[in-house]
Visitor: 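To start, I am sharing the structure in question, which I have written as structure tokens.
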Amino acid sequence: EIIRHGRIKTTLVRAKAVRKHVDHMIQLGKRGDLHARRQALGWIYDKDLVHSLFEAAPERYSDREGGYTRVLRTMPRQGDNAKMAVIELV
């Protein structure tokens with residue numbers, strides 16, 4: 001969902017876990033070859049989303065070697081006091 005929307009609000013632990021996978025999908029999008037596209041389709045089942053990722057990633061992240069996501073801590077969740085965060089694409 002982060003690739004589709006660009007920013008999501010979730011728990012801090014889940015945001016840190018998702019960051020690794022999102023960075024890997026963007027690296028595949030930067031490579032842009034057929035093998036990378038098929039690897040991305042193994043993780044993301046929406047063909048249109050993979051197509052838009054492979055179109056946008058090379059020009060958007062051409063000057064970056066990594067660190068495509070940012071995790072910002074927010075206020076704890078009311079009810080169970082879980083640490084919350086916002087993960088977004090840079």
Side-chain angles (χ1 to χ4, degrees):
E1 291 297 314
I2 187 170
I3 296 173
R4 184 184 318 267
H5 297 291
R7 165 184 262 204
I8 58 171
K9 184 177 180 181
T10 185
T11 62
L12 181 64
V13 175
R14 189 170 292 165
K16 287 182 177 181
V18 166
R19 177 173 46 183
K20 177 176 77 168
H21 300 292
V22 172
D23 284 350
H24 183 63
M25 290 299 116
I26 292 174
Q27 285 177 353
L28 290 176
K30 279 178 63 175
R31 270 187 21 208
D33 57 348
L34 180 62
H35 182 62
R37 187 176 296 263
R38 286 182 177 165
Q39 283 181 327
L41 282 169
W43 276 88
I44 304 171
Y45 296 119
D46 188 1
K47 283 187 178 183
D48 296 330
L49 182 61
V50 171
H51 180 71
S52 64
L53 173 68
F54 274 68
E55 281 185 346
E59 57 212 26
R60 184 172 177 184
Y61 300 109
S62 62
D63 57 341
R64 285 188 171 264
E65 292 299 320
Y68 307 113
T69 56
R70 177 183 301 135
V71 177
L72 302 170
R73 294 175 186 225
T74 60
M75 297 297 294
R77 181 167 54 197
Q78 190 173 3
D80 63 353
N81 205 25
K83 295 179 183 176
M84 297 298 287
V86 174
I87 183 169
E88 63 185 5
L89 296 175
V90 175

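For this chain, numbers begin at 1 and follow the sequence in order.
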Visitor: Measuring from Leu53:CG to Leu28:CG, what's the distance to the nearest 0.5 Å?
Guide: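 Reported value, rounded in 0.5 Å steps: 8.5 Å.
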Visitor: CG of Asp23 to CD of Gln27: how many Å apart, nearest 0.5 Å?
Guide: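 The CD atom of Gln27 is 6.5 Å from CG of Asp23, to the nearest 0.5 Å.
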Visitor: The criterion is side chain to side chain contact (heavy atoms under 4.5 Å, CB included); which residues satisfy it with Lys83, sequence neighbours excluded?
Guide: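 Checked Lys83 against side chain to side chain contact (heavy atoms under 4.5 Å, CB included); matches are Leu12.
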Visitor: With sequence neighbours excluded, what pairs up with Thr74 under the side chain to side chain contact (heavy atoms under 4.5 Å, CB included) test?
Guide: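 By the side chain to side chain contact (heavy atoms under 4.5 Å, CB included) rule, Thr74 matches Lys9, Met84, Val86.
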Visitor: Check whether any side-chain heavy atom of Arg14 lies under 4.5 Å from a side-chain heavy atom of Ile87, and answer yes or no.
Guide: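 Sidechains of Ile87 and Arg14: no contact.
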Visitor: Where is the tightest heavy-atom contact between Gly29 and Pro58, given as atom of each residue plus distance?
Guide: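 Heavy atoms of Gly29 and Pro58 come nearest at O-CG, 3.6 Å.
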Visitor: Got a second to check how far Thr69's OG1 is from Lys16's NZ, nearest 0.5 Å?
Guide: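 Going from the OG1 atom of Thr69 to the NZ atom of Lys16 covers 12.0 Å.
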Visitor: Excluding sequence neighbours, so at least two apart, what forms side chain to side chain contact (heavy atoms under 4.5 Å, CB included) with Glu55?
Guide: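 Partners of Glu55 under the side chain to side chain contact (heavy atoms under 4.5 Å, CB included) test: His51.
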Visitor: Within a strict 4.5 Å, meaning less than it, do heavy atoms of the Thr10 and Val18 side chains meet?
Guide: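 Heavy-atom side-chain distance check fails, nothing below 4.5 Å.
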Visitor: To the nearest 0.5 Å, how far apart are CE in Met25 and CD1 in Ile2?
Guide: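 Spacing of CE (Met25) from CD1 (Ile2) equals 13.0 Å.
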Visitor: My understanding is that only residues two or more places apart in sequence, or in another chain, count here; which of them pass side chain to side chain contact (heavy atoms under 4.5 Å, CB included) with Leu72?
Guide: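 Applying side chain to side chain contact (heavy atoms under 4.5 Å, CB included) to Leu72 gives Arg7, Arg70, Glu88.
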Visitor: Once ring-ring contact (aromatic ring centres under 6.0 Å, His included) is applied, what residue pairs with a partner in residues 52-90 remain, sequence neighbours excluded?
Guide: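 Only Tyr61-Tyr68 qualify under ring-ring contact (aromatic ring centres under 6.0 Å, His included).
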Visitor: I need the full list of ring-ring contact (aromatic ring centres under 6.0 Å, His included) pairs touching residues 14-42, with sequence neighbours left out, sorted by first then second residue.
Guide: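 The answer is His21-Trp43.
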Visitor: Check whether any side-chain N or O of Lys30 sits under 3.5 Å from a backbone N or O of Arg64 as a donor-acceptor pair, and report yes or no.
Guide: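 The answer is yes, because a donor-acceptor pair under 3.5 Å joins these two groups.
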Visitor: Measure the CD1-CD distance between Ile44 and Gln39 for me, rounded to the nearest 0.5 Å.
Guide: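 Answer rounded to 0.5 Å: 12.0 Å.
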Visitor: Mind checking the CG-CZ spacing from Asp48 to Arg4? Nearest 0.5 Å is all I need.
Guide: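 Spacing of CG (Asp48) from CZ (Arg4) equals 9.0 Å.
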